[in-house]
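Since the structure is predicted, the reported quantities are computational estimates derived from the model, not experimental observations. Keep in mind that the numbers below use all heavy atoms, side chains included, and drop hydrogens, waters and symmetry copies.
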Amino acid sequence: MRPGEGIALLVFVALGAAMAVIRVRWPEKFRGFGRVPPPDPAHARQFAALRDEDYDLVLRGDAQVNHFKATWPLVSLLVSRGQIELRVPRVEPIRIVRAEVTGLWWVGAFGRGLKFRTASGRLDEVTVWPHGEVGDQLAELGWR
């Protein structure tokens with residue numbers, strides 16, 4: 001072995017071991033990459049099976065779901081008076097009933113991110129950055 005090859009080999013082995021540990025521990029640390037807990041059964045029964053054209057408002061933007069990030073134009077936020085559906089690629093659609101949400105929380109200094117406050121906290125790891133000024137449109141539909 002030439003000088004330095006042993007150290008390089010040791011570094012690669014250490015990095016490989018570290019990556020293996022991270023791969024095993026990642027889902028348990030973050031409760032499933034891109035996953036959100038299911039709603040309470042009482043709220044789950046309130047979901048209506050809506051077609052895309054039945055929603056009052058369709059927004060595009062960026063989203064982060066439990067450390068999984070997706071950007072425009074792949075993220076859709078479909079809004080009606082009674083429910084919201086967040087569609088993010090490679091993530092099961094997230095359905096939110098109005099009765100479950102205690103309020104909207106706008107976050108971020110450079111972009112206006114939208115978080116949904118719930119009593120259960122199931123949506124704490126979900127943030128949506130809709131493009132454009134949408135606060136008034138959401139308020140008109142009863143989402144405050």
Side-chain angles (χ1 to χ4, degrees), residues 4-5 7-144:
E5 285 182 349
I7 292 173
L9 182 61
L10 183 62
V11 168
F12 283 120
V13 169
L15 283 174
M19 293 300 291
V21 168
I22 288 171
R23 183 161 177 82
V24 169
R25 296 292 310 267
W26 186 274
E28 103 187 17
K29 181 177 181 186
F30 295 115
R31 298 179 311 214
F33 192 59
R35 297 190 150 205
V36 173
D40 294 332
H43 293 130
R45 283 186 231 110
Q46 296 177 7
F47 290 124
L50 298 179
R51 298 175 307 196
D52 289 358
E53 56 268 9
D54 294 335
Y55 285 96
D56 299 315
L57 181 63
V58 177
L59 304 171
R60 299 266 185 223
D62 305 334
Q64 179 172 333
V65 179
N66 203 8
H67 303 280
F68 177 80
K69 296 180 182 180
T71 60
W72 178 90
L74 302 175
V75 175
S76 299
L77 187 69
L78 297 100
V79 184
S80 72
R81 291 192 181 279
Q83 70 186 37
I84 286 181
E85 183 173 336
L86 175 62
R87 295 183 185 161
V88 179
R90 295 183 288 186
V91 173
E92 184 177 329
I94 300 167
R95 292 178 179 87
I96 306 164
V97 177
R98 179 66 190 102
E100 179 182 17
V101 177
T102 59
L104 300 181
W105 179 25
W106 295 95
V107 297
F110 300 109
R112 288 186 43 125
L114 174 63
K115 291 180 97 43
F116 299 94
R117 290 185 185 174
T118 61
S120 66
R122 88 174 180 100
L123 301 172
D124 287 350
E125 297 295 325
V126 176
T127 307
V128 181
W129 290 272
H131 290 190
E133 293 295 322
V134 299
D136 292 337
Q137 294 172 317
L138 290 171
E140 284 177 16
L141 294 173
W143 293 87
R144 293 184 171 85

- prompt: Does a side-chain heavy-atom distance below 4.5 Å link Val97 with Pro39?
  reply: no
task: Would you indicate whether the side-chain heavy atoms of Val36 and Leu123 approach each other to under 4.5 Å?
output: yes
- prompt: For Lys115 and Thr127, which heavy atoms make the closest approach, and how far apart are they?
  reply: NZ-OG1, 2.9 Å
field: All pairs passing side chain to side chain donor-acceptor pair (under 3.5 Å) where residues 90-106 contributes a residue, at least two apart
entry: Glu100-Arg122
message: Can you confirm whether more than 12 heavy atoms, excluding those of Leu15, are under 6.0 Å from its CG atom?
response: yes
query: Counting distance only, does the side-chain N/O of Trp143 pair as donor-acceptor with the main-chain N or O of Gln83 below 3.5 Å?
result: no
- prompt: Any side-chain heavy atom of Val88 within less than 4.5 Å of one from Ile94?
  reply: no
Heavy-atom side-chain proximity of Leu78 to Val58 below 4.5 angstrom: yes
- prompt: Quick one: does Asp56's side chain get under 4.5 Å of Glu140's, heavy atoms only?
  reply: no
- line: Separation between CD (Glu125) and CZ (Arg35), nearest 0.5 Å, reads 15.0 Å
- request: Could you check Asp62 against His131 for side chain to side chain contact (heavy atoms under 4.5 Å, CB included), going step by step and ending with a plain yes or no?
  value: CA-CA 8 Å; Asp62 305 334; His131 290 190; 3.7 Å; yes
Pairs where residues 43-53 contributes a residue and the test side chain to side chain donor-acceptor pair (under 3.5 Å) is met, not counting sequence neighbours: Arg51-Glu53, Arg51-Asp54, Asp52-Arg87
- request: For Val75 and Gly61, work out which heavy atoms get closest and say how close.
  value: CB-O, 3.2 Å
query: Quick check: are there more than 12 heavy atoms from other residues, nucleotides or ligands sitting under 6.0 Å from CD of Glu5?
result: yes
task: Check the pair Gln137 / Val79 against side chain to side chain contact (heavy atoms under 4.5 Å, CB included), numbers first and verdict last.
output: CA-CA 10 Å; Gln137 294 172 317; Val79 184; over 6 Å; no
- prompt: Are side-chain heavy atoms of Trp129 and Gln64 found at a separation under 4.5 Å?
  reply: yes
Interatomic spacing from OG1 in Thr118 to CG in Asp40 - rounded to 0.5 Å: 8.5 Å
field: Side chain proximity check, Val134 to Leu57, heavy atoms < 4.5 angstrom
entry: no
task: Working to the nearest 0.5 Å, report the span between CG of Leu59 and CG of Leu114.
output: 9.0 Å
message: I'd like to know whether Val65 forms a side chain to side chain contact (heavy atoms under 4.5 Å, CB included) with Leu86, so could you lay out the CA-CA distance, the side-chain angles of the two residues, the decisive distance to 0.1 Å, and finally the verdict.
response: CA-CA 10 Å; Val65 179; Leu86 175 62; 4.3 Å; yes
